[in-house]
Amino acid sequence: MDRIKHSILLISLWVVFLLSACRPGHSRPETSGQDSVYTSEYIEKISFEEPEKALALLDTAEERRLLTPFDINGLRCLVNHNGLSRYRMALFYARKAYADPEARKHPDRLLLLLSYMAEDSHTNGDYAASVRYCTEGLELAKEQGSNTYEADFHVTWAKTLMLMAQHGEAFRHFDTGIGILEEEARKDASYHAWDELFYSVGLKLSALYEIDHNEEAYAMFPQMEEALKGLEASKDAPDRLAELRQAELLALICPVAYATGRKAEGEAIYRRLEVNPVASTPDGEYIRIPGLVAAGRFDEALRYVYREKKLLQANTDTVNWDYVNPHLQSELEAWQGKGDVREVARVQAVMLALTDTLRQRERTEDALEWSAIYESGEKDARIKEEQQESRLAWTVACFVGVLLVVSGGFIVTIVRKSLGISRRNAALAAQVEGHVANRKELDRKTEENLALHDLLEQARRELEAERARNAPKETPVQEKTTPDENGSQTATEADRILFERITCEIKNRQLFRDPDFSRPDMLKIIPVPQNKFARLFKQFTGKSFKAYLRDLRLGYANELFIEHPDWSMDAVIKECGMLRSSFYAAFIQNYGMNPDEFRKSLQKGHKNSKLANA
């Protein structure tokens with residue numbers, strides 16, 4: 001009886017806590033010492049090197065309400081812009097953060113958002129939007145007295161105007177931005193201020209060179225040298241940054257000197273470039289190529305082009321726009337200078353093929369990006385719906401709380417039953433965890449058996465060949481058969497080996513993680529007649545290929561629950577290549593419990609195991 005009273009008291013306290021938690025109002029982000037990775041500072045820190053991890057942390061932070069919506073959207077903009085170069089997605093999240101009333105409370109962060117929005121609109125070809133954001137950013141920067149942001153918006157505006165062929169207006173903005181940066185650099189004297197000035201002057205010089213204003217471009221050489229000297233004199237500059245900027249300056253001005261007819265100056269600048277430490281490394285030698293082409297030293301330029309090409313092919317993906325221009329473009333100009341029509345045609349064909357491939361890839365990526373943007377909008381609508389349901393739940397919870405207190409004895413029975421379910425769930429979680437380990441071991445053994453079979457098959461073929469030479473009329477050995485699931489002798493040993501090869505290919509390459517992966521995709525990898533393909537899975541698994549993929553995805557989800565307990569459910573489902581609704585339905589059908597209950601049981605089992613070992 002005392003135990004029942006104690007249980008009723010605990011339930012009453014739980015109801016009070018529930019009512020206070022469910023009270024409608026503006027939710028505040030939760031924080032704790034355990035959530036140190038879910039801070040704006042940490043996520044911003046890893047946004048460059050580990051963007052996918054940063055996005056996964058943001059998903060979890062949003063689910064647990066550890067950060068405000070304004071922080072979430074601002075950080076997603078940062079990660080997509082800097083870490084993943086997804087400028088359309090970055091613009092989408094920047095606009096969401098911009099529309100949040102919280103943005104007006106933080107002018108410095110609003111300036112950063114407008115800077116990203118102007119730059120990303122420029123990159124996506126929406127020039128009107130880019131100019132609009134530059135205009136708003138300039139007004140806010142002047143209000144806040146932020147000269148650096150003011151200069152940044154002028155330079156972005158100038159870049160957009162250059163693409164619109166509004167050259168006079170573009171250079172007016174260039175000059176305004178550069179003038180502001182010069183004043184800031186002389187007052188600040190930090191490397192960052194001088195580096196911003198160097199970058200902006202370099203953009204203007206390049207813009208002049210592109211429209212054949214070569215004399216004006218060459219006249220900017222002293223201005224860039226002054227910015228470089230300021231950078232070299234700053235005490236906080238990172239190691240070797242000044243050497244890198246010097247190499248960039250010399251590589252930029254060398255072809256300009258030749259274009260203006262200053263051959264002696266061009267040769268002198270190139271000699272300075274040759275002795276620069278950055279331009280003397282294998283990774284930096286390519287920076288010499290434009291100067292060599294401009295000087296007519298085409299054989300030397302081609303030598304560096306081929307060295308750079310080998311380096312890129314060995315260390316990176318050459319199917320990108322940077323490989324087309326400047327690398328292939330430099331090779332083309334060198335062969336044009338030599339007058340070799342055949343090589344010119346060859347390089348042009350390669351550039352055309354790569355351009356077609358890259359444009360097709362961009363169309364695919366654009367479609368995926370728009371799809372992700374649509375899904376994000378759906379998610380926002382779901383969150384709003386959940387908030388409305390939460391308000392309704394507050395009223396219902398009050399009524400339910402009264403019923404819980406009055407019906408104490410009935411609740412105690414429910415609690416006992418719940419404990420029984422928890423024990424069953426814990427046992428099932430432990431069983432599934434053991435099954436995951438056993439399956440990994442079985443997969444490893446299967447791979448070993450396949451490798452051994454290949455060795456034996458090779459030895460058998462060699463032995464048969466030897467026998468054939470000695471006794472050509474010897475009767476061939478009949479192929480072994482293995483019983484199928486019904487016990488009939490229909491599946492051959494070769495069928496079993498073929499089936500194991502198919503499943504190993506799917507598991508080793510994790511093809512099941514692609515939500516669009518299907519039987520036709522598998523048949524392209526391992527050609528098998530369609531009827532035989534379906535029969536193999538029916539014979540050896542008792543299920544269809546689609547059901548087999550579903551079970552692999554569920555098994556992979558169990559591995560992620562064990563290996564990454566801090567991942568959000570949405571992150572796990574995305575990694576498995578499934579939709580949330582179908583994942584929950586399949587998981588409950590397979591294991592008799594939903595994945596949230598399973599993960600809680602798994603974590604509880606690990607905690608109890610640690611306590612027992614301690």
Side-chain angles (χ1 to χ4, degrees), residues 40 43-59 69-100 103 109-138 149 152-164 170 173 177 196 199-200 202-203 206-207 316-317 319-326 354-355 357-377 379-380:
S40 299
I43 294 174
E44 183 176 347
K45 180 180 178 182
I46 67 170
S47 62
F48 285 89
E49 300 297 331
E50 300 177 90
E52 296 293 349
K53 179 181 177 181
L55 290 179
L57 290 175
L58 285 171
D59 287 342
F70 175 66
D71 289 329
I72 293 288
N73 290 318
L75 287 168
R76 281 181 174 149
C77 165
L78 175 71
V79 174
N80 279 286
H81 182 95
N82 292 331
L84 297 171
S85 299
R86 296 175 184 165
Y87 302 114
R88 184 176 287 107
M89 187 70 75
L91 182 60
F92 170 73
Y93 285 114
R95 284 172 172 167
K96 290 181 69 175
Y98 172 81
D100 194 311
R109 297 170 69 180
L110 181 57
L111 276 171
L112 179 61
L113 278 176
L114 287 168
S115 175
Y116 280 128
M117 293 162 73
E119 183 69 30
D120 292 335
S121 297
H122 165 86
T123 304
N124 291 323
D126 191 348
Y127 303 144
S130 180
V131 170
R132 186 170 66 251
Y133 294 134
C134 284
T135 303
E136 184 178 351
L138 278 171
Y149 272 114
D152 179 62
F153 286 117
H154 275 296
V155 171
T156 302
W157 198 339
K159 291 192 297 181
T160 302
L161 289 169
M162 286 299 298
L163 292 176
M164 298 166 63
H173 282 284
E196 283 288 323
Y199 169 75
S200 300
L203 282 178
S206 298
T316 187
D317 177 17
V319 185
N320 55 63
W321 289 113
D322 287 337
Y323 184 63
V324 174
N325 187 15
L354 274 177
T355 299
T357 301
L358 289 168
R359 285 177 178 166
Q360 178 61 37
R361 177 187 289 181
E362 285 180 347
R363 285 192 290 270
T364 302
E365 290 175 349
D366 285 348
L368 292 173
E369 202 167 345
W370 281 117
S371 175
I373 289 173
Y374 174 78
E375 290 177 3
S376 178
K379 185 178 180 181
D380 289 343

Listed pairs under 3.5 Å, donor-acceptor, residues 44-54 side chains, sequence neighbours left out:
{"from": "Ser47", "atom 1": "OG", "to": "Glu44", "atom 2": "O", "distance (Å)": "2.8"}
{"from": "Lys53", "atom 1": "NZ", "to": "Tyr42", "atom 2": "OH", "distance (Å)": "3.2"}

Side chains of [X] and [Y]: does their closest heavy-atom pair fall under 4.5 Å?
X	Y	answer
Trp157	Thr135	yes
Tyr133	His122	no
Ser115	Phe153	yes
Arg76	Lys96	no
His81	Glu119	yes
Tyr149	Leu112	yes

> Quick one: salt bridge (charged side-chain N to carboxylate O under 4.0 Å, His left out) partners of Arg109, sequence neighbours excluded?
Replying inline: Asp71
Shortest non-hydrogen contact from [X] toward [Y]:
X	Y	result
Thr123	Tyr87	CG2-CD1, 3.5 Å
Leu161	His173	CD1-CD2, 3.5 Å
Gly137	Leu111	O-CD2, 3.7 Å
Gly74	Ala97	N-CB, 3.9 Å
Lys159	Leu203	CD-CD1, 3.9 Å

> How many angstroms lie between CG in Leu113 and CZ in Phe70, if you round to the nearest 0.5 Å?
Replying inline: 5.5 Å
>> Check this for me: does any side-chain nitrogen of one of Asp100 and Arg95 sit under 4.0 Å from a carboxylate oxygen of the other?
In response: no
> With sequence neighbours left out, what residues match Tyr98 under side chain to side chain donor-acceptor pair (under 3.5 Å)?
Replying inline: Glu136
> What do the steps show when you test Asn82 against Tyr116 for side chain to side chain donor-acceptor pair (under 3.5 Å), and what is the final call?
Replying inline: CA-CA 10 Å; Asn82 292 331; Tyr116 280 128; 3.2 Å; yes
